[in-house]
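Report on the structure given below.
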Amino acid sequence: MESKVRVRFAPSPTGGLHLGGVRTVLFNYLFAKHHGGEFVLRIEDTDQTRFVAGAEQYIQDTLAWCGLNPDESPLHGGPFAPYRQSERKAIYKEYADQLIKNGQAYYAFDTAADLEAKRAEIANFQYSKAHRMEMKNSIALPAEEVEQLLQSDTPYVVRIKIPDQAEVKFEDIIRGEVSFDASTVDDKVLLKADGMPTYHLAVVVDDYLMKITHAFRGEEWLPSAPVHILLWQYLFGLDKMPKWAHLPLILKPDGHGKLSKRDGERLGFPVFAMDWTDPNTKETTIGFKEKGFLPEAFVNLLAMLGWNDGTDKEIFSIEELITNFSLERVHKGGAKFDYEKAKWFNAEWIKKMDNALLAELVKPYLDKEGIEVHEAAYLVKVIGLVKERCVLLPDFVTQSAFFFQAPKTIDIASIQPKWEEKKQGFFNELVKIYSDKIAQGLKTMPAETLETDFKELATTHGLKPGDLMLPFRIMLVGGKFGPGVFDIVENIELKDAITRINHTLGLLSSN
RNA sequence: GGCCGGUUCGUCUAUCGGCUAGGACAGCCCCCUUUCACGGGGCAAAGACGGGUUCGAUUCCCGUACCGGCUACCA
């Protein structure tokens, strides 16, 4: 009888959530949902010194934006609450005591200075079998002295006692069997002097208590896995241990190493999922959301960093990811992040997305630029006209502003050199024709009609339509971009077209 | 230094012993488009190295090289 799949994402609330973090969430989420299981968010706030106010809320907001909401979390609670490790402090102490009682852990009274001195003295110092007896701990010291130190409230930590010789191995879903020689790992601190557990103790205890069946985390955790395996063996039994999977890292696009916040700033792309403002420095780091990414695209691009379904398919909705995801197809090697490809995913999703939905997302950007949208349906129509030339949401501003207001600047330099009297005459007459249409009660005309009339008029003026298209476009939108000119005229209506033509004609003659 | 992990086009990747090594992004060219895109077509571009195993290795094994991670009372 298989127990229900339960996975967890366990971040420290120390700042913004970066790409790697969100991808870890994603893979956890996909795995859980694929197996009809549960996804837990647990906040690992055991390091008081690194705690950052607002970071926990930020994490929850980020998951919500990505659509990766946990089934259990500090915010919404759940059957295994509390989900904040700082609120579970007393629990860890019990397990630490149990380990000490069984001789699998011990008290250590060394001060920071003691350790520092020892590290300076001995190259490659390890707090393990080799030097354990030289230190101030309950194994090296006489029982009475230990008792006395404890009685006098001397600060202490609890360290795991790594067995002298043992091969510690486990099966990683992605990497296969991984084994370590226990003698190469040191006696890690389990409980800190302030009574808080370290990550090592906390993950094991909480994964057990919260009935986690599969534990996924970044590859950077692989080296400390033997400590966790040993703890599982000591405390709960290996048969209860979750299946492990260590995910490959997301690396810098250039050079080498793990992708960091600094790389984004240096290379000009976001690294955090959403804007993050450091409460201390007030410094804001831009996020994918604010940069103009769609959550669907963000999730899609993250999934493809280290995973694929074995076919050439690259565009996946979250539902498709859930049904197709399998941990066995996750890569072992790290992936360099490519921002160009990331933008491609977004462009694909923009093209794919429903115009009305897109309109709601684009509206705030227009508002911010002071562009007034009087009619929602009109915006939806415009979106349909320009979406395929937009990569990021803010691109809609430049690509569609001229549908709502006359361009602020006119690229006159692109018209001027080839401007001639004949063209002036052509546009004067075009204005006249449009005015006549308005007088006849027409507000606008279909693009096709507009085009035919335009070309006919050009011919009668002895001009090639092609020589008039560019000037006309610039008059209408201000530059060399945008959808077909007649689609624009059809939508902005005849009277606005007249205004814009006259405006540019004025600029041309005043020069 | 030690330990652990990794290594296919510039980048993300396919390949579960048969490969003329496929796709995508980026790049270049052409078509479409009297703008910019989208779209279509094409070009260029890869198995770190050395040993095995095998009829046959990118695929399996072993070394070496290189890259990365860890080596805190941080996660």
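Everything numeric in this text was worked out from a predicted model, so none of it was measured. Numbers restart at 1 for each chain; the letters A, B, ... are given by sequence-line order, proteins then strands.
- Ring geometry for F325(A) against F27(A) counts as tilted: the plane angle lies between 30° and 60°, on a 0 to 90° scale.
- Of the listed nucleotides (A75(B), C73(B), C70(B)), C73(B) has the atom at the smallest distance from the side chain of V189(A).
- Nucleotides G50(B) and C38(B) place their C1' atoms 49 Å apart, quoted to the nearest Å.
- Nucleotide C38(B) carries a syn base; the chi torsion (O4'-C1'-N9-C4 or O4'-C1'-N1-C2) is within 90° of 0.
- By the 6.0 Å contact criterion, NZ on K118(A) is enclosed, its count of non-hydrogen atoms from other residues, nucleotides or ligands being greater than 12.
- When heavy atoms are screened at a 4.0 angstrom cut-off, S414(A) is found touching no nucleic acid atom at all.
- Distances shorter than 4.0 Å separate none of the side-chain N or O atoms of S224(A) from OP1 or OP2 on U71(B).
- In this structure, L115(A) places its CG atom 6 Å from P of C73(B), rounding to the nearest Å.
- Residue K336(A) contributes atom NZ, which lies 9 Å from atom P of G68(B) at whole-angstrom precision.
- Nucleotide G68(B) forms a pair with C4(B), judged by Watson-Crick or G-U wobble geometry with both contacts under 3.5 Å.
- The phosphate of A14(B) has OP1 or OP2 within less than 4.0 Å of a side-chain N or O from N308(A).
- With 3.5 Å as the limit, one finds no donor-acceptor pair spanning the side chains of R175(A) and H246(A).
- A donor and an acceptor atom, one from each side chain of Y92(A) and D206(A), are located under 3.5 Å apart.
- One C1' atom belongs to U34(B), the other to C43(B), and the distance between them is 28 Å to the nearest Å.
- Atom NE2 in H228(A) sits roughly 20 Å away from atom P in C3(B) (whole-Å rounding).
- Taking atom C1' in both U11(B) and A72(B), the straight-line distance is 35 Å, to the nearest Å.
- Going from atom CG of L190(A) over to atom P of A75(B) covers 11 Å, rounded to whole Å.
- Taking the six-membered ring for Trp and thresholds of 30 and 60 degrees, F269(A) and Y339(A) have nearly parallel ring planes, at less than 30 degrees apart.
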Polar atoms only, N or O, under 3.5 Å: list the protein pairs with nucleotides 47-50 of chain B and their distances.
none

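- Contact annotation: R159(A) reaches the phosphate of C73(B) (side-chain N/O to OP1 or OP2, under 4.0 Å).
- Pair check for U59(B) finds none; no Watson-Crick or G-U wobble contact set falls under 3.5 Å.
- The nucleotide C25(B) finds its pairing partner in G10(B), both defining distances of the Watson-Crick or G-U wobble pair being shorter than 3.5 Å.
- No side-chain donor from either of D181(A) and T184(A) sits under 3.5 Å from a side-chain acceptor of the other.
- Comparing A48(B) with G6(B), their P atoms sit 15 Å apart, to the nearest whole Å.
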Item to check | Test log, rule salt bridge (Lys or Arg N to Asp or Glu O under 4.0 Å), inputs K352(A) and E296(A) | outcome: CA-CA 10 Å; K352(A) 202 172 143 82; E296(A) 290 85 349; over 6 Å; no

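- Residues T14(A) and S12(A) bring no donor and acceptor atom of their side chains to less than 3.5 Å of each other.
- Regarding K118(A), its NZ atom lies at a distance of 16 Å from the P atom of A72(B), rounded to whole Å.
- Applying the 4.0 Å criterion to OP1 and OP2 of A14(B), one finds that K313(A) has every side-chain N and O outside that range.
- A45(B) and G2(B): their C1' atoms are spaced 39 Å apart (whole Å).
- When the P atom is used for both G22(B) and U15(B), the distance is 14 Å, rounded to whole Å.
- Applying the Watson-Crick and G-U wobble criteria (two distances, each under 3.5 Å), A37(B) pairs with nothing in any strand.
- Contact of the L259(A) side chain with the H18(A) side chain is not registered, since no non-hydrogen atoms from C-beta on lie closer than 4.5 Å.
- With F293(A) as the fixed residue, the ring pair (Phe, Tyr, Trp, His ring centres under 6.0 Å) test singles out one of F345(A), F288(A), W349(A): F288(A).
- Counting non-hydrogen atoms under 4.0 angstrom, L249(A) reaches the backbone sugars and phosphates but no base.
- Across all strands shown, R119(A) has heavy atoms under 4.0 Å from sugar-phosphate atoms exclusively, and none from any base.
- A335(A) comes within contact range of the sugar-phosphate backbone alone, with a heavy-atom separation under 4.0 Å but no base atom that close.
- Counting heavy atoms of neighbouring residues, nucleotides and ligands inside a 6.0 Å radius, atom CZ of R262(A) does not exceed 12 of them.
- In this entry the distance linking NE2 of H200(A) with P of C70(B) reads 12 Å, nearest Å.
- The C1' atoms of G23(B) and A46(B) are separated by 14 Å, rounded to the nearest whole Å.
- Side-chain contact of Q424(A) with W419(A): a donor-acceptor pair under 3.5 Å is present, judged by distance alone.
- Between D110(A) and Y156(A), the side chains place no donor N or O within less than 3.5 Å of an acceptor N or O (distance only, hydrogens not considered).
- Atom NZ of K192(A) is separated from atom C1' of A72(B) by 10 Å (rounded to the nearest Å).
- Nucleotides A21(B) and G47(B) have their P atoms positioned 11 Å apart, rounded to a whole Å.
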If you restrict it to nitrogen or oxygen atoms, what contacts under 3.5 Å exist between nucleotides 4-7 of chain B and the protein, and what is each distance?
unit_1, atom_1, unit_2, atom_2, d
G5(B), O2', R175(A), NH1, 2.7
G5(B), O2', E219(A), OE2, 3.0

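- The nearest whole Å value for the distance from the CE atom in M304(A) to the C1' atom in U11(B) is 14 Å.
- Listed pair K343(A) / U11(B) fails the phosphate criterion, with no side-chain N or O lying under 4.0 Å from OP1 or OP2.
- Checked against H228(A) for a ring pair (Phe, Tyr, Trp, His ring centres under 6.0 Å), the options F180(A), F170(A), Y199(A) give a single hit: Y199(A).
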Next on the checklist: Across nucleotides 20-38 of chain B, 5' to 3', mark each nucleotide with B, S or - according to how protein heavy atoms within less than 4.0 Å reach it.
Outcome noted: ---SBB--------BBBBS

